[in-house]
There are 2 protein chains.
Amino acid sequence: MGKGEATRERILEIAEAAVLAKGFGATSIDEVIAEAGLTKSGFFYHFKDKNALAREMLRRYVATNDHLFDEIFARGRQLSDDPLQAFLISLKLLAETMADLPNGHPGCLIASICYQERLFDREVRELTAQSVRDWNARFRKILDGIAAVYPPKEPVDLDDVADMLSCIVDGAIIMSKTLNDPSRLERQILLFRSFVKLTFTPN
Amino acid sequence: MGKGEATRERILEIAEAAVLAKGFGATSIDEVIAEAGLTKSGFFYHFKDKNALAREMLRRYVATNDHLFDEIFARGRQLSDDPLQAFLISLKLLAETMADLPNGHPGCLIASICYQERLFDREVRELTAQSVRDWNARFRKILDGIAAVYPPKEPVDLDDVADMLSCIVDGAIIMSKTLNDPSRLERQILLFRSFVKLTFTPN
DNA sequence: CCAAAACTGTACTCACGGTACGGATTCTCC
DNA sequence: GGAGAATCCGTACCGTGAGTACAGTTTTGG
């Protein structure tokens, strides 16, 4: 890794924390470069403008999350051959992972960008939309595997159930931050787990 | 209503739409006053700074939502004496109401503020937290009434179930906006309804 | 009609995003 | 070890938006 790449990474890390804490619009380049220890010229050497910064932040965030999901859901399948059990295990792991974050979940970049959409260009907005679609598709695939073995009791749309996980996580992060109570996120994921259990477990 | 009050109301309405569309930080006073048809001096006559604007916007938003909830859940109780049925009816009404918004739900001010917390003073943040607590308490009370008649099958924490509704609505709004698909909000509320039905309906 | 309320106008300040560009390091590779 | 590219600094500048100050003007309601 070249020196430039290391600087880029440092900028992205600092910027992400700042954006999640106070929003993109309120995050000044001046404060980011102050913390990163470089000048304005240095910053604009790496990113042509704030939108370029947003794009790279987003790519970084999505990649990190994808990797996390890969791990968690692979581990679930590894611990049980039954697709339902594997998913329930993974959800438990997900809840634990979220709960273990020291100061609570820092926030969801997609949600943060969502409420400031006009600030970003089409490419950034398309990136957020695509990542949400990908996550939903991932969950949907898992649910398909479960429904093939355990037909759901209540007639539910599996696409909606897949969406629900993202919705709950995003919503619970907001509630955790608003009420300053990190535990809510974990509890909401476990409640979603109860829902899945209740829906697919045969009587 | 004096003329000043009417102007205040007009400013708040314009500002709310702008904030939900692009975030508080990106909403300029200049554009708000241009649309409202008054000068900067006129604006600062009504609000001493942007934080005062945020406070009043929030009060307005919370009051509107409270009123909407009052109506919807009163209507549910009115249509059925059974607490579970009443809640299920109300959730259906809520889903319909959200779906009927012409351009999709404009967004949740609490969520919008949540991701820009550092921009606001303690009073604004306390206002958001209190309104979330109030909504959760409202739902919790309804769930208590249901659980008294229909003990839940899966052992769930009623506080968490109450939280879940807010989480899902907030999360679904984000997904709706991100994917530019207003229908997701309605479907998520109906899915929560399925969850409630599944949890409390006796076999 | 008169005083208070509801504005207007002008003229500032300060912070921030962004541009421009020349120069100085520092790294990399031959 | 030298050359060229990558990385970064310094400085000066522009436009926009938040906010202040304050004197003056219109509008409203009793």
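Because the structure is a prediction, the values reported are computed rather than measured. Residue numbering restarts at 1 for every chain, and letters A, B, ... go by the order of the sequence lines.
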Sequence neighbours excluded and cut-off under 3.5 Å, please list the side-chain donor-acceptor pairs for residues 33-43 of chain B, or say none.
unit_1, atom_1, unit_2, atom_2, d
B:Thr39, OG1, B:Gly42, N, 3.3

- Give the nucleotide from the list C:dC7, D:dC8, D:dA18 with an atom nearest to the side chain of B:Asp30. D:dA18

- Phosphate contact (C:dC7 OP1 or OP2) by B:Thr7 side-chain N/O below 4.0 Å: yes

For a quick test of your reading: what N or O donor-acceptor pairs under 3.5 Å do the side chains of residues 84-100 of chain B make, sequence neighbours left out?
unit_1, atom_1, unit_2, atom_2, d
B:Ser90, OG, B:Ile72, O, 3.2
B:Ser90, OG, B:Ala86, O, 3.0
B:Thr97, OG1, B:Leu93, O, 2.7

- Who pairs with B:Tyr61 by ring pair (Phe, Tyr, Trp, His ring centres under 6.0 Å), at least two apart in sequence or on another chain? none

- Sorted by number, the residues of residues 33-43 of chain B with heavy-atom contact under 4.0 Å to DNA chain D: B:Lys40

- Query: Taking only residues two or more places apart in sequence or in another chain, which ones pass side-chain contact (heavy atoms from CB on, under 4.5 Å) with B:Glu123?
  - Reply: B:Arg55, B:Arg59, B:Asp121

- Go through the structure and list residues passing ring pair (Phe, Tyr, Trp, His ring centres under 6.0 Å) with B:Phe192, not counting sequence neighbours. none

- Starting at CD1 of B:Ile29 and ending at C1' of D:dG17, how long is that distance when rounded to a whole Å? 8 Å

Which atom pairs link the protein and nucleotides 1-3 of chain D when you take only N or O atoms and keep those under 3.5 Å?
none

- Task: Have a look at B:Glu16 and tell me which of B:Leu20, B:Leu12, B:Val19 forms a side chain to side chain contact (heavy atoms under 4.5 Å, CB included) with it.
- Result: B:Leu20

- Message: Restricting to non-hydrogen atoms, name the atom on A:Ile173 and the atom on A:Gly107 that form the minimum distance, rounded to 0.1 Å.
- Response: CG2-CA, 3.7 Å

- Message: Rounded to whole Å, how long is the line connecting atom CZ of B:Phe24 with atom C1' of D:dA18?
- Response: 11 Å

- Taking all heavy atoms of B:Ala147 and all of B:Pro152, pick out the closest pair and write down the distance. CB-CD, 4.4 Å

- Item | Nearest-0.5 Å distance that lies between atom CD in A:Glu56 and atom CD in A:Glu9 | 10.0 Å

- Message: Among residues 44-53 of chain A, which ones have heavy-atom contacts with DNA chain D below 4.0 Å?
- Response: A:Tyr45, A:His46

- With sequence neighbours left out, the residues meeting side chain to side chain donor-acceptor pair (under 3.5 Å) with B:Asn180 are none

- Round to a whole Å and report the spacing from CD of A:Glu5 to P of D:dT7. 9 Å

- Message: Please report the distance, rounded to the nearest Å, between CD in A:Glu31 and P in C:dA15.
- Response: 14 Å

Per-pair distances, 0.1 Å, donor-acceptor, side chain in residues 153-160 of chain A, under 3.5 Å, sequence neighbours excluded:
unit_1, atom_1, unit_2, atom_2, d
A:Lys153, NZ, A:Leu198, O, 3.2
A:Lys153, NZ, A:Thr201, O, 3.1
A:Lys153, NZ, A:Asn203, OD1, 3.1
A:Asp157, OD1, A:Asp159, N, 2.7
A:Asp159, OD1, A:Arg140, NH1, 3.0
A:Asp159, OD2, A:Arg140, NH1, 3.2
A:Asp160, OD1, B:Arg187, NE, 2.9
A:Asp160, OD1, B:Arg187, NH2, 2.9

- Residues which pass side chain to side chain donor-acceptor pair (under 3.5 Å) with A:Asp70, listed by chain and number, not counting sequence neighbours: A:Arg138

- Task: Give a yes or no on this: more than 12 heavy atoms of other residues, nucleotides or ligands lie within 6.0 Å of atom CD of B:Glu31.
- Result: yes

- Task: Give the rounded distance in Å between these two atoms: NZ of A:Lys3 and C1' of C:dT26.
- Result: 6 Å

- Message: Distance check needed: C:dA6 C1' versus B:Arg10 CZ, whole Å only.
- Response: 12 Å

- Item | Relative orientation of the end axes in the helix from C:dC1-D:dG30 to C:dC30-D:dG1, expressed as an angle to the nearest 10° (five pairs per end) | 30°

